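This report refers to the structure that appears directly beneath it.
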Number of protein chains: 2
Amino acid sequence: MNITFNNRDPVYLQVVKYFKEEIATGKLASGQEIPSRRELAGLLQINPNTAQRAYKEMEEQKLITTEGNSPSRITTDGRILNSIREELIQEAVEVFVQSIKKIELPTDELLRFVKEKYESERARG
Amino acid sequence: MNITFNNRDPVYLQVVKYFKEEIATGKLASGQEIPSRRELAGLLQINPNTAQRAYKEMEEQKLITTEGNSPSRITTDGRILNSIREELIQEAVEVFVQSIKKIELPTDELLRFVKEKYESERARG
DNA sequence: TGAAGTGTACTATACACTTCATACACTTAG
DNA sequence: CTAAGTGTATGAAGTGTATAGTACACTTCA
């Protein structure tokens with residue numbers, strides 16, 4: 001569990017995004033068990049209610065499923081699993097373009113900035 | 001005054017960003033007068049205190065200056081004016097890269113997504 | 001059977017932040 | 001001088017999030 005919270009966004013949404021990223025990168029697989037609410041709360045040092053809220057959000061988005069009181073699992077719905085990666089990318093690109101478009105920067109210049117920053121960031125990570 | 005507010009970010013910060021964009025694109029020039037707090041509030045349909053807070057924020061960032069109760073003006077400090085554009089770009093790129101880096105997308109693929117979205121957006125605007 | 005763990009739900013509280021309402025001192029135009 | 005407009009300051013109100021505590025039905029397992 002390698003996750004650091006920022007103060008800007010709600011914790012439960014950051015948890016949701018974390019799980020989406022884990023799925024998108026294959027670190028969490030179809031049908032895989034995930035920690036219980038209380039266990040996750042302990043791992044991340046957050047309140048159990050916050051963990052519950054994150055899981056509830058993921059249930060509604062059909063990322064995970066829960067039957068009775070069995071441990072929750074990553075969904076086995078292939079369409080959803082495949083769409084998560086695409087969704088994360090499109091969402092990030094959308095937000096970025098909206099935030100930058102008023103500057104009226106030439107396309108090649110913009111791409112150069114992105115390429116530079118992205119590669120320097122990947123070199124570290 | 002062409003500005004639409006979202007519900008996610010504080011209004012006063014959206015106002016600040018709006019002014020920065022106007023400066024970065026040359027629509028607001030060095031030393032130019034800007035509306036009074038109450039006048040801006042009327043134009044944007046916001047509370048005068050919210051306008052005040054936006055102006056206060058811009059004062060602190062030295063984007064605008066106010067002497068006595070004369071109308072506030074865009075700063076004439078060339079270094080600041082030149083840095084605003086760069087700042088907006090770098091900030092947007094930084095946020096974008098941070099939000100996307102965990103997906104581990106090949107660089108060329110990422111650039112293709114950005115290029116596509118950016119150009120389709122500029123075609124409309 | 002009984003204890004522990006599970007998901008779920010509810011209320012109450014605290015805190016940070018934004019926005020709103022009001023007031024005050026000052027300057028300027030009529 | 002008076003009235004309107006200006007910038008500024010202060011406290012109240014509203015909103016959303018996180019936390020705390022409790023409760024209940026259910027399953028699992030010793």
Side-chain angles (χ1 to χ4, degrees), chain A residues 1 3-20 23 28 31-77 95 99, chain B residues 1 3-20 28 31-77 91 95 99:
Chain A
M1 284 277 166
I3 176 174
T4 55
F5 296 115
N6 64 58
N7 297 332
R8 176 169 171 69
D9 302 308
V11 172
Y12 78 96
L13 289 181
Q14 295 183 58
V15 172
V16 171
K17 182 162 189 187
Y18 172 79
F19 273 90
K20 284 187 179 178
I23 294 173
L28 284 177
Q32 185 171 341
E33 283 188 12
I34 58 178
S36 75
R37 276 73 168 163
R38 291 172 176 84
E39 192 178 352
L40 183 74
L43 288 171
L44 301 185
Q45 303 277 50
I46 61 179
N47 192 280
N49 287 1
T50 304
Q52 157 64 5
R53 187 164 182 185
Y55 276 27
K56 185 180 180 184
E57 178 72 22
M58 290 192 283
E59 293 267 7
E60 290 171 357
Q61 293 186 27
K62 304 203 181 304
L63 266 61
I64 65 175
T65 59
T66 308
E67 294 178 6
N69 63 347
S70 304
S72 297
R73 296 173 174 279
I74 304 297
T75 181
T76 55
D77 186 329
V95 169
S99 74
Chain B
M1 285 278 165
I3 176 174
T4 54
F5 296 113
N6 63 57
N7 297 332
R8 175 168 172 69
D9 302 308
V11 172
Y12 78 97
L13 289 181
Q14 295 183 58
V15 172
V16 171
K17 180 160 190 186
Y18 173 79
F19 274 89
K20 284 187 179 179
L28 283 177
Q32 185 172 340
E33 282 188 13
I34 57 177
S36 76
R37 276 72 168 162
R38 290 173 176 80
E39 191 179 352
L40 182 75
L43 288 170
L44 301 185
Q45 304 277 49
I46 61 178
N47 191 279
N49 285 63
T50 303
Q52 157 63 6
R53 186 158 185 187
Y55 276 26
K56 185 180 180 183
E57 179 72 22
M58 290 193 282
E59 295 266 7
E60 289 172 358
Q61 294 187 26
K62 304 202 180 306
L63 268 60
I64 65 175
T65 59
T66 309
E67 294 178 7
N69 62 349
S70 304
S72 298
R73 296 174 174 280
I74 303 297
T75 182
T76 56
D77 186 329
E91 191 174 292
V95 169
S99 74

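A, B, ... follow the sequence lines: proteins, then strands. Residue 1 opens every chain. This one's a predicted model, so the numbers in the text were calculated from it and none came from an experiment.
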Around Glu67(A), counting heavy atoms of other residues, nucleotides and ligands shown, do more than 12 lie under 6.0 Å from its CD?
no
Salt bridge check: are Arg37(A) and Glu59(A) linked by an N-O gap of less than 4.0 Å?
yes
Over how many whole Å does the gap from Glu67(B) atom CD to dT28(C) atom P extend?
12 Å
So how far is it from Leu28(B) CG to Lys20(B) NZ, rounded to the nearest 0.5 Å?
14.0 Å
So do the side chains of Phe19(B) and Leu40(B) get within less than 4.5 Å of each other, counting heavy atoms only?
yes
For the pair made of CD1 in Ile34(B) and P in dT6(D), what is the distance, rounded to whole Å?
12 Å
Per the under-4.0 Å heavy-atom filter, residues of residues 13-20 of chain A near DNA chain D come out as none
Whole-Å distance between dT8(C) P and Met58(A) CE?
11 Å
Within the side chain of Arg73(B), is there an N or O that forms a donor-acceptor pair under 3.5 Å with the backbone of Gly31(B)?
yes
Give the intermediate values and the outcome of side chain to side chain contact (heavy atoms under 4.5 Å, CB included) for residues Ile3(B) and Phe5(B).
CA-CA 7 Å; Ile3(B) 176 174; Phe5(B) 296 113; 3.5 Å; yes
Do any of residues 38-56 of chain A sit with a heavy atom less than 4.0 Å from DNA chain C, and if so which?
Arg38(A), Asn49(A), Gln52(A)
Should dC24(D) form a Watson-Crick or G-U wobble pair with both distances under 3.5 Å, which nucleotide is its partner?
dG7(C)
For Ile64(B) and dT6(D), what is the distance between atoms CD1 and P respectively, to the nearest whole Å?
14 Å
Looking at side-chain heavy atoms only, is the closest gap between Lys17(B) and Leu13(B) below 4.5 Å?
no
Over how many whole Å does the gap from Arg37(A) atom CZ to dC10(C) atom P extend?
15 Å
May I ask you to verify if any side-chain N or O of Tyr12(B) is less than 4.0 angstrom from the OP1 or OP2 atom of dT19(C)?
no
Distance, rounded to the nearest Å, where Asn7(A) contributes CG and dC15(C) contributes C1':
13 Å
To the nearest Å, how far apart are Glu57(B) CD and dG7(D) P?
17 Å
Within less than 4.0 Å of OP1 or OP2 of dG7(C), is there a side-chain N or O belonging to Thr66(A)?
no
Return the nucleotide paired to dC29(D): Watson-Crick means purine N1 to pyrimidine N3 with N6-O4 or O6-N4, wobble means G-U with N1-O2 and O6-N3, both under 3.5 Å.
dG2(C)
Any side-chain heavy-atom pair of Tyr55(B) and Pro35(B) under 4.5 Å:
yes
Given 3.5 Å as the limit, does a donor-acceptor pair link the side chain of Gln14(B) with the main chain of Asn6(B), or not?
yes
What is the distance, rounded to the nearest whole Å, between atom CD of Glu33(A) and atom P of dG7(C)?
10 Å
